[in-house]
Amino acid sequence: MRPAILLGATVALVLAGPASAAVLLPGSSNTAFTGFDASTQGTLLDWKRIQGVALTFTGDLRAAVYRNTLGTLDFYYQVQRTAGGEIGSDDIRSITAANFGDFGVEALFSDVDLDGSGIFTTANNGGGLGTGNRNTAGGVIGINLDSAAALSGTETTATYIFRTTARTYSDRGTFGVSDGATFSGRAFQPTGVPEAGTWAMLLFGFAGIGTALRRNRARVAIA
């Protein structure tokens with residue numbers, strides 16, 4: 001089955017399911033992240049740490065790829081603002097990652113330390129989270145940090161986890177932050193062709209939740 005056909009099936013089933021399903025469809029915006037179930041974390045495959053200075057902030061970008069317990073790949077991102085920049089000091093409000101192509105993507109987050117002594121750490125930006133979006137072509141994912149989530153001083157974001165339908169990856173992806181000034185580096189991206197079976201697992205799970213919710217509403221109405 002071609003990815004375009006699978007994408008059409010994604011749209012149909014997600015619209016039929018609960019509005020809270022955190023699937024990032026191409027062209028979507030203001031998608032709320034859902035909490036990450038650490039029991040599905042799986043095995044670390046690779047990680048990168050990118051440190052540098054932009055015009056108005058100094059940043060520490062952390063990225064990793066895990067094979068989750070379902071057998072597909074999760075892409076992790078976290079940003080820490082460590083100081084001002086070359087000419088001034090502004091908050092960090094926008095994060096981007098690419099290239100996710102035709103793959104299914106679910107938006108998750110964790111505000112606790114996911115890897116102990118590894119590169120990720122506990123969020124300390126006041127509990128702010130922000131929302132996710134995806135461009136129309138599907139390749140670029142963004143995280144918009146609202147005023148509660150924006151990074152100042154030496155604050156660190158939650159860890160954002162994008163669960164995909166991919167089983168292979170490369171280190172030719174990109175990861176960056178912006179507040180008017182920008183700073184980016186090479187991270188990871190999914191590769192290969194999305195598998196029909198992994199799409200089905202993702203979609204039927206959401207469809208089942210939607211059915212259960214509709215049944216519960218019907219029972220309440222009858223009562």
Verdict with reasoning, Ile92 to Phe183, per side-chain contact (heavy atoms from CB on, under 4.5 Å) = CA-CA 11 Å; Ile92 294 175; Phe183 167 51; over 6 Å; no
Check the pair Val177 / Phe57 against side-chain contact (heavy atoms from CB on, under 4.5 Å), numbers first and verdict last.
-> CA-CA 10 Å; Val177 295; Phe57 63 86; 3.3 Å; yes
Could you go step by step and tell me if Thr156 and Arg62 meet the side-chain contact (heavy atoms from CB on, under 4.5 Å) rule?
-> CA-CA 11 Å; Thr156 303; Arg62 303 158 189 167; 3.9 Å; yes
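Within the 4.5 Å cutoff, side-chain heavy atoms of Tyr66 are placed close to those of Asp115. Residues Val105 and Arg163 form no side-chain contact, since every pair of their non-hydrogen atoms from C-beta on lies 4.5 Å or further apart. Looking at Thr191 and Ser170, their side chains come closer than 4.5 Å, going by heavy atoms from C-beta outward. Using a 4.5 Å cut-off on side-chain heavy atoms (C-beta onward), Phe109 and Thr157 make no contact. Counting heavy atoms from C-beta on, the side chains of Phe36 and Tyr160 never come closer than 4.5 Å. At a threshold of 4.5 Å between non-hydrogen side-chain atoms, the residues Thr31 and Thr131 do not count as touching. Residues Trp47 and Phe120 have side chains not in contact (no heavy-atom distance under 4.5 Å, counting atoms from C-beta outward).
Hydrophobic clustering (side-chain heavy atoms under 4.5 Å, transitive across Ile, Leu, Val, Met, Phe, Trp, Tyr) groups Ile50 together with Ile141. Side-chain heavy atoms closer than 4.5 Å link hydrophobic residues (I, L, V, M, F, W, Y) into clusters, and following such links, even through other members, never connects Val112 to Val79. Hydrophobic clustering keeps Leu44 apart from Leu73 (ILVMFWY residues linked when any side-chain heavy atoms are closer than 4.5 Å, directly or through intermediates).
Listed here is the closest heavy atom pair of Tyr76 and Gln41: OH-CG, 3.2 Å. In terms of heavy atoms, Leu129 sits closest to Leu145 at O-CD2, 3.7 Å. Residues Ala181 and Ala54 share a closest heavy-atom pair of CB-CB, 4.1 Å. The shortest heavy-atom contact between Gly104 and Thr165 is N-OG1, 3.0 Å. For Ala64 against Phe188, the heavy-atom pair with the smallest separation is CA-CE1, 3.9 Å. The shortest heavy-atom contact between Ala166 and Pro190 is CB-CB, 3.4 Å.
In this structure, the side chain of Asn135 engages the main chain of Val140 through a donor-acceptor pair within 3.5 Å. Judged by distance alone, the side chain of Arg81 and the main-chain N or O of Ser152 form no donor-acceptor pair under 3.5 Å. With hydrogens and angles disregarded, no donor-acceptor distance shorter than 3.5 Å links the side chain of Thr58 to the backbone of Gly85. Within the 3.5 Å criterion, the main-chain N or O of Gly71 finds a donor-acceptor partner in the side chain of Arg167.
Remark: Ser28 OG to Asn133 CG distance equals 7.0 Å, nearest 0.5 Å. In this structure, CG in Asp90 is found 10.0 Å from CG in Leu55, a value given to the nearest 0.5 Å. The CD atom of Glu106 sits 9.0 Å away from the CG atom of Leu24 when rounded to the nearest 0.5 Å. Taken from CG in Leu108 to CD1 in Ile161, the straight-line distance is 6.0 Å, to the nearest 0.5 Å. How far CG of Leu61 is from OG of Ser184: 8.0 Å, rounded to the nearest 0.5 Å. With rounding to the nearest 0.5 angstrom, the CG atom of Leu114 is 8.5 Å from the OG1 atom of Thr122.
No salt bridge links Lys48 with Asp46; every basic N to acidic carboxylate O contact stays at or beyond 4.0 Å.
The number of heavy atoms from other shown groups lying within 6.0 Å of CZ (Arg172) does not exceed 12.
The closest side-chain donor-acceptor pair between Thr159 and Ser110, if any, does not fall under 3.5 angstrom.
The aromatic rings of Phe75 and Tyr169 sit perpendicular to each other, their planes meeting at more than 60°, with 30° as the lower class boundary.
When each of Asp74, Thr164, Asp37 is tested with Asn68 by the rule side chain to side chain donor-acceptor pair (under 3.5 Å), just one qualifies, namely Asp74.
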